[in-house]
4 protein chains.
Amino acid sequence: MNTILQVGLIGAGRMGQVHASTIVHRVATAQLVAVSDLVPGAAQALAAKFHVPNVAADYGTIITDPGLDAVLICTPTDTHAEIVRAAAQAGKHIFCEKPIALNLKDADAALRVVNQAGVKFQLGFNRRFDANYARVRQAVTSGEIGTPQLLHIISRDPAPPSIPYIQSSGGIFLDMAIHDWDMARFLIGSEIEEVYVQGGVMIDPAIGEAGDLDTHVTLFRFANGVVGTIDNSRQAVYGYDQRVEILGSRGAIQTEHNFPNNTVLSTADAIRRDLPLTFFMQRYTDAFAAEIEAFVEAVVTGGPVPVGGHDGRMALIAGLAAKKSYLERRPVKISEID
Amino acid sequence: MNTILQVGLIGAGRMGQVHASTIVHRVATAQLVAVSDLVPGAAQALAAKFHVPNVAADYGTIITDPGLDAVLICTPTDTHAEIVRAAAQAGKHIFCEKPIALNLKDADAALRVVNQAGVKFQLGFNRRFDANYARVRQAVTSGEIGTPQLLHIISRDPAPPSIPYIQSSGGIFLDMAIHDWDMARFLIGSEIEEVYVQGGVMIDPAIGEAGDLDTHVTLFRFANGVVGTIDNSRQAVYGYDQRVEILGSRGAIQTEHNFPNNTVLSTADAIRRDLPLTFFMQRYTDAFAAEIEAFVEAVVTGGPVPVGGHDGRMALIAGLAAKKSYLERRPVKISEID
Amino acid sequence: MNTILQVGLIGAGRMGQVHASTIVHRVATAQLVAVSDLVPGAAQALAAKFHVPNVAADYGTIITDPGLDAVLICTPTDTHAEIVRAAAQAGKHIFCEKPIALNLKDADAALRVVNQAGVKFQLGFNRRFDANYARVRQAVTSGEIGTPQLLHIISRDPAPPSIPYIQSSGGIFLDMAIHDWDMARFLIGSEIEEVYVQGGVMIDPAIGEAGDLDTHVTLFRFANGVVGTIDNSRQAVYGYDQRVEILGSRGAIQTEHNFPNNTVLSTADAIRRDLPLTFFMQRYTDAFAAEIEAFVEAVVTGGPVPVGGHDGRMALIAGLAAKKSYLERRPVKISEID
Amino acid sequence: MNTILQVGLIGAGRMGQVHASTIVHRVATAQLVAVSDLVPGAAQALAAKFHVPNVAADYGTIITDPGLDAVLICTPTDTHAEIVRAAAQAGKHIFCEKPIALNLKDADAALRVVNQAGVKFQLGFNRRFDANYARVRQAVTSGEIGTPQLLHIISRDPAPPSIPYIQSSGGIFLDMAIHDWDMARFLIGSEIEEVYVQGGVMIDPAIGEAGDLDTHVTLFRFANGVVGTIDNSRQAVYGYDQRVEILGSRGAIQTEHNFPNNTVLSTADAIRRDLPLTFFMQRYTDAFAAEIEAFVEAVVTGGPVPVGGHDGRMALIAGLAAKKSYLERRPVKISEID
């Protein structure tokens with residue numbers, strides 16, 4: 001093991017660039033030394049921008065590089081499971097973007113190999129590392145708000161992704177809401193038991209034609225009796241809206257927007273603030289650094305990762321249950337998914 | 001018709017006192033001249049406090065008083081329908097507290113008599129007259145937020161009512177949530193089509209033993225496709241929590257707490273505000289005055305009441321559907337209620 | 001003494017109308033039965049609007065009316081002292097708009113007559129009755145913020161008054177800031193010792209030509225060592241801005257705007273709130289009712305008025321000192337004013 | 001010139017550590033390669049913590065190191081001028097903590113040498129690089145708030161520094177308020193003409209015995225007629241309070257606290273937020289990185305520094321004028337200082 005963790009990046013797309021920038025600018029304990037991408041030129045471009053010495057087309061080159069301690073998997077979702085298996089078999093520690101896979105079988109197969117290999121496996125649920133959510137979780141665990149009763153999660157994007165992205169990513173339930181299922185489990189500390197979805201195509205018919213929906217509210221129940229909702233929209237015109245609130249027996253806690261500045265402008269028209277931080281790269285800058293630092297620490301110290309395979313699996317199951325609920329227009333129990 | 005509307009009050013309990021205080025202190029266009037209550041001493045006490053000249057034990061005395069233009073019905077819910085019928089047949093204009101009745105048959109029977117008598121009938125959905133909700137509705141009708149997509153209503157009481165009240169009032173779905181069903185219809189301007197409830201007894205087992213629940217989130221769909229939630233709790237320890245928010249295609253609007261003052265106190269512990277306005281009497285003081293003024297104006301001018309029998313009926317149906325959803329643990333269509 | 005205080009109003013201008021509306025709509029313990037105004041038609045118009053039975057051109061008719069218990073003086077400032085003297089000599093209790101007079105000699109002469117007559121005399125410092133300022137004062141007296149150290153008062157009008165009003169009212173230091181000198185004394189509970197003004201004509205040259213200024217910040221020191229500022233502008237384009245904050249040894253307290261509603265609108269441009277309550281009639285509606293109720297109670301019970309002649313005198317002296325500081329461009333001690 | 005700027009740090013105290021951490025963790029364009037401090041062990045400790053290869057006791061070793069492009073001066077204030085002169089004569093670009101000196105003569109002498117040497121000289125007015133203040137400045141330059149009229153700066157520390165620090169640093173007017181004089185000039189874009197101080201020892205008598213005060217409000221006027229205040233306290237028990245507001249002819253802009261998280265906690269006691277960011281290291285983390293990046297860019301590109309010798313000089317003069325005003329208890333013109 002190197003003192004400064006030597007990391008290879010697989011996938012030089014949007015999330016690959018986010019993590020490359022994070023490691024180079026914000027994480028002193030890791031060094032990005034290799035990158036691969038199937039798209040010609042993509043790895044080269046990222047390498048040039050972030051001074052990464054080694055470039056490859058094939059992820060195989062990365063996972064077999066003896067100089068590397070760990071890999072970051074930022075490829076399209078439908079390739080995650082295969083690369084996880086290969087990297088684990090090659091003995092590399094793994095940080096993988098969410099979700100693990102688009103179905104439970106593939107996810108479980110990948111996690112089995114990870115377990116057998118004994119490598120660290122952390123999933124990219126960056127929001128757990130955000131100061132707002134950490135404070136909300138603390139209010140639950142410290143007893144400040146007593147026993148949790150109701151949870152509301154609002155998670156809205158500023159604009160829909162491309163149609164090809166929607167088609168390959170798993171759609172609103174597996175790609176977008178996956179963060180919210182994990183957040184629900186993280187904040188309440190209990191497993192989701194049943195979900196019921198109301199939603200539809202309210203923003204762009206092309207999303208419907210691509211087999212997905214763009215707006216929904218899902219009502220769900222945890223094993224411990226807490227009732228929750230997730231509100232997802234692919235387009236909140238005022239920006240990236242990331243809020244939660246919990247009602248408990250002794251109080252409530254809620255989060256507000258994160259803004260680029262804390263100024264209030266008063267004119268003859270209104271009392272106004274600038275729009276919230278634009279999108280996830282701005283909103284979760286600190287959280288991205290913190291999750292990579294936590295991964296590095298787990299690898300270096302041999303301690304547990306803060307968010308692992310089981311967490312990825314449970315969020316995936318919730319997403320699959322929601323999808324089923326939407327398609328069959330009925331409440332679906334988590335136990336129906338296998 | 002008198003220039004200053006002569007009003008009789010039937011029921012000198014909590015809501016009777018709220019309306020008596022409102023008319024005496026805030027409504028210059030009406031005069032409270034008679035009050036009745038079956039409970040010995042209740043009408044007398046209210047009359048003494050608010051200088052009401054005439055007192056009766058029986059509501060029959062009120063509705064047959066030729067000096068009265070209108071009656072306010074503030075008796076227990078299960079007597080509303082009978083008194084509405086009697087008052088209408090006696091030719092009195094009627095302001096009736098919600099809900100009209102605890103079942104659709106009684107409500108419809110009462111509304112039929114009202115229609116035949118041709119008297120004004122207004123239901124006590126005071127929140128429509130609140131400045132926050134009026135502003136939210138304006139954001140919808142003006143197009144400021146574009147086409148509405150998602151609605152969230154939070155409506156939490158500071159503490160549960162007495163068990164006898166829970167038993168006679170219709171419980172959480174017909175007594176408490178009835179305001180929220182009406183608010184949903186008022187804000188979105190469409191009818192509710194299907195409801196699904198998750199909730200339970202989270203605050204006081206005695207409420208469960210009385211056949212009710214104390215906490216729920218209901219997910220519902222409007223005819224125009226908007227998806228909504230209602231979050232009700234019988235006990236938010238920080239006080240009376242009354243908020244809504246709507247996401248639309250061109251923006252979002254949300255309401256915040258109403259506070260007794262707008263001061264912020266900063267100490268070595270926290271940056272804090274005093275608790276929100278305690279309960280509905282404080283929170284909706286202005287709305288209570290405005291709804292009575294609107295009723296008086298409708299009676300005096302012969303114009304339409306702003307909230308009438310149909311509104312009461314539709315909120316009742318939604319409440320009955322929610323109750324059925326909770327008991328049968330499944331989504332219930334509004335069309336199932338008859 | 002009548003059970004319901006019988007009140008006569010002298011002056012049917014803007015403040016006269018505010019108080020007439022307040023008594024008619026909000027104060028159950030007083031009745032407005034007479035009004036006078038020198039301007040032909042003004043008293044009649046007010047009487048018609050608020051159902052006042054008796055109308056006179058001359059204030060003499062009001063102060064000699066044996067049916068009246070008290071008078072409200074709402075005439076131009078330069079007539080206050082004369083009418084106060086006359087009303088006191090006639091044995092009427094007096095509620096007088098601020099300031100008592102435009103110079104200390106007249107004010108003192110009027111207050112002497114009041115004292116000799118033994119009538120109640122309350123000055124219209126309505127802001128003392130506002131919930132925000134009352135809460136700030138409570139934070140001082142309760143010790144919540146420890147020993148006060150620094151005070152800031154911001155008091156800005158939405159638009160300048162007419163030039164004739166500026167010329168007759170006493171100008172920014174005696175008419176507008178008079179409320180702020182009183183607020184300073186009220187909140188800190190100590191007397192002002194020295195003032196220094198920086199300001200000028202920043203809004204409208206016509207105000208300068210009329211011998212006044214339109215914008216200033218005054219720095220001052222209390223006898224107990226607290227340092228304070230008053231920030232006055234005749235034109236804050238976003239509306240009526242009324243804020244204070246105090247830093248103390250154990251904390252700080254500050255007030256925020258009062259808004260017509262508590263909604264937040266989010267669009268592609270900004271996160272915004274509607275403008276604060278427009279002007280003093282809207283902003284201090286409750287305070288106007290509370291000050292009249294307090295006056296009525298003092299008269300009826302024989303108890304002390306909450307804000308009296310001494311308060312009016314000290315605010316006047318501070319205003320005169322500020323005027324002198326501005327003219328002589330130097331710090332002025334309160335003891336220089338006589 | 002090296003591609004990655006090679007930087008030496010002179011002074012390993014509190015500010016030295018802030019800048020070391022900033023360069024190591026946040027600034028990719030500079031490298032910290034040497035550190036000196038007269039206090040035995042101080043430079044070594046910092047070097048160990050931040051992996052700085054070269055350590056010296058004497059600043060002479062730093063300024064004569066041919067491998068260094070620039071130096072950061074973070075020594076006690078009374079040594080700034082001497083080190084600035086020496087570093088400039090040695091041809092090093094200079095980033096110097098504020099203030100340049102404790103008197104105008106020393107400051108001017110140092111700036112003369114800087115000019116003759118033709119090296120870059122940037123002063124550590126980090127707040128100019130903060131997102132809030134940048135947004136306020138933008139509101140001025142863009143015309144959003146029209147012509148500025150009034151400015152208020154609040155700048156309060158959470159707790160007083162040590163008495164020795166107060167004695168050597170220049171005290172409240174030259175050490176603490178120096179940031180605020182610069183902020184005033186930066187935001188309004190005009191020079192200060194006259195200042196008048198009210199304040200005293202309100203927190204700790206020992207501060208008075210050390211010849212300083214701990215609390216003041218200074219009222220001042222700019223050349224362009226804008227009127228401003230600076231409110232300084234050495235101890236706001238709720239934390240580091242950094243706010244400004246400007247009233248202009250077309251609007252106003254104000255800043256609010258920066259918090260460690262954006263959660264709101266509601267309990268039976270209050271609606272509360274956690275305390276603001278603790279002190280300058282937390283509050284201005286991003287600003288410290290931005291000012292160093294700007295310095296590096298100016299050195300590398302040869303462009304102008306964003307805040308230079310003239311800015312440091314003018315802030316110093318304002319501080320000296322305030323000190324004189326406090327001692328002589330009268331308004332002091334900037335032109336009196338020489």
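What's counted below: heavy atoms across the whole structure, side chains too, no hydrogens, waters or symmetry copies.
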Colleague: If only side-chain N and O atoms count, and only distance matters, is there a donor-acceptor pair under 3.5 Å linking C:N258 with B:N262?
Modeller: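 Indeed, the side chains of B:N262 and C:N258 share at least one donor-acceptor pair under 3.5 Å.
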Colleague: So for B:R26, is it side chain, backbone, both, or neither that comes closer than 4.5 Å to the heavy atoms of chain C?
Modeller: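 Both the backbone and the side chain of B:R26 come within 4.5 Å of chain C.
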Colleague: Can you name the nearest heavy-atom pair linking C:A131 to B:P260, along with the distance?
Modeller: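 Smallest heavy-atom distance, with atoms named: CB-O, 3.4 Å.
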Colleague: Given heavy-atom pairs under 4.5 angstrom as the criterion, report whether the side chain, backbone, both or neither of B:H257 touches chain C.
Modeller: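 Contact with chain C is through the backbone of B:H257 alone.
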Colleague: Examine whether an atom of B:I145 lies under 4.5 Å from a heavy atom of chain C, and if so say whether it belongs to the side chain, the backbone or both; otherwise answer neither.
Modeller: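 Interface part for B:I145: side chain.
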Colleague: Are any non-hydrogen side-chain atoms of C:L265 and B:Q254 less than 4.5 angstrom apart?
Modeller: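 When only atoms from C-beta onward are counted, B:Q254 and C:L265 do not touch, as no gap falls below 4.5 Å.
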Colleague: Given heavy-atom pairs under 4.5 angstrom as the criterion, report whether the side chain, backbone, both or neither of B:E144 touches chain C.
Modeller: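 Contact with chain C: backbone and side chain both.
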Colleague: For C:T263 and B:V136, run side chain to side chain contact (heavy atoms under 4.5 Å, CB included): C-alpha distance rounded to whole Å, both residues' side-chain angles, the deciding distance at 0.1 Å, then the answer.
Modeller: CA-CA 7 Å; C:T263 62; B:V136 173; 3.9 Å; yes
Colleague: Do you know which of C:S266, C:G146, C:A139, C:A134 has the most heavy-atom pairs with chain B at a distance under 4.5 angstrom?
Modeller: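 Going by pairs under 4.5 Å, I would pick C:S266.
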Colleague: Count the heavy atoms belonging to other residues, nucleotides or ligands that lie under 6.0 Å from CD of C:E297, then report whether that count exceeds 12.
Modeller: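 Atom CD in C:E297 is not crowded, with 12 or fewer foreign heavy atoms closer than 6.0 Å.
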Colleague: Report which part of B:D274 has an atom under 4.5 Å of a heavy atom belonging to chain C: side chain, backbone, both, or neither.
Modeller: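 Interface part for B:D274: side chain.
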Colleague: Nearest 0.5 Å, what's the CZ-CD distance between C:F259 and B:E256?
Modeller: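 Output value for this atom pair is 9.5 Å.
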Colleague: Can you check side chain to side chain contact (heavy atoms under 4.5 Å, CB included) on B:R250 and C:T267, steps first, answer last?
Modeller: CA-CA 6 Å; B:R250 302 189 51 191; C:T267 67; over 6 Å; no
